[in-house]
Amino acid sequence: MTARIEWRTNGKGDDALIYVGEFGEDSNTVLRTWEADAAHLTDFLNKMTGFATDVVGLEVDAEKRDPLLYGRLVMTRSPHGQVMQIDPELYWDAIYYWFRSNGSDPHPMRELTT
């Protein structure tokens with residue numbers, strides 16, 4: 001699989017955004033992580049401008065380089081924004097947790113009305 005940014009979850013609010021790419025012979029290495037909060041997730045879901053993927057060396061400790069350690073895969077995007085993979089059930093559960101339950105929407109130009 002090519003370099004990608006993944007949204008992974010271990011349950012409600014225990015999420016991570018990770019950059020996975022090639023390091024040596026392993027094409028499945030976590031190279032960088034970002035805090036999974038509403039702001040980063042909004043960017044991940046919309047414009048992908050807050051995710052620098054130019055990595056010089058490894059920024060992640062050796063024991064945290066396996067993507068599976070960050071939980072179940074919610075969604076994968078290429079560094080340029082193309083959706084590569086999505087788990088619809090996990091996606092909508094996470095959208096509810098991070099946005100809808102707070103009366104907000106992950107699209108910055110749209111407001112929810114009740």
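Position 1 is the first residue of the sequence; numbering continues from there. What you see is a predicted model, and the numbers here were worked out from it, not measured in a lab.
Partner of W7 under the side chain to side chain contact (heavy atoms under 4.5 Å, CB included) criterion, chosen from T76, V74, L90, I86: V74.
Contact check for W98 versus L45: no side-chain heavy atoms found under the 4.5 Å cut-off. S78 is not listed as a side-chain neighbour of T2, based on a closest heavy-atom distance of 4.5 Å or more. With contacts defined as side-chain heavy-atom distances shorter than 4.5 Å, the pair K64/T33 does not qualify. Residues I5 and M75 are not in side-chain contact: their nearest non-hydrogen atoms beyond the backbone lie 4.5 Å or more apart. For the pair Y97 and T9, the minimum side-chain heavy-atom distance is 4.5 Å or more. Contact annotation: the side chain of W34 approaches that of F51 to within less than 4.5 Å [non-hydrogen atoms, C-beta and beyond]. Counting heavy atoms from C-beta outward, E6 and L73 have side chains that approach closer than 4.5 Å.
In this structure, the side chain of D61 does not engage the main chain of E63 through any donor-acceptor pair within 3.5 Å. At least one donor-acceptor pair under 3.5 Å links the side chain of R65 to the backbone N or O of V60. Looking only at distances, a side-chain donor or acceptor of R32 sits under 3.5 Å from a matching main-chain atom of A52. The closest donor-acceptor contact from the side chain of R8 to the backbone of A16 lies at 3.5 Å or more, if one exists at all.
L17 and L68 are members of different hydrophobic clusters when ILVMFWY side chains are connected at heavy-atom separations under 4.5 Å. F23 and V20 end up in different hydrophobic clusters when Ile, Leu, Val, Met, Phe, Trp and Tyr side chains are linked at under 4.5 Å. There is no path of hydrophobic side-chain contacts, each under 4.5 Å, that joins V30 to M84.
With rounding to the nearest 0.5 angstrom, the CE atom of M48 is 10.5 Å from the CD atom of Q82. If you take OH on Y96 and NZ on K12, they are separated by 8.5 Å, rounding to the nearest 0.5 Å. Going from atom CD1 of I18 over to atom CG of L69 covers 9.0 Å, rounded to the nearest 0.5 Å.
Across all non-hydrogen atoms, the minimal contact from G71 to N10 is CA-OD1, 3.1 Å. In plain terms, the two heavy atoms of T53 and Y19 that are nearest each other are O-CE2, 3.4 Å.
Using modelled atom types and a 3.5 Å distance limit, the side chains of H40 and D37 yield a donor-acceptor pair.
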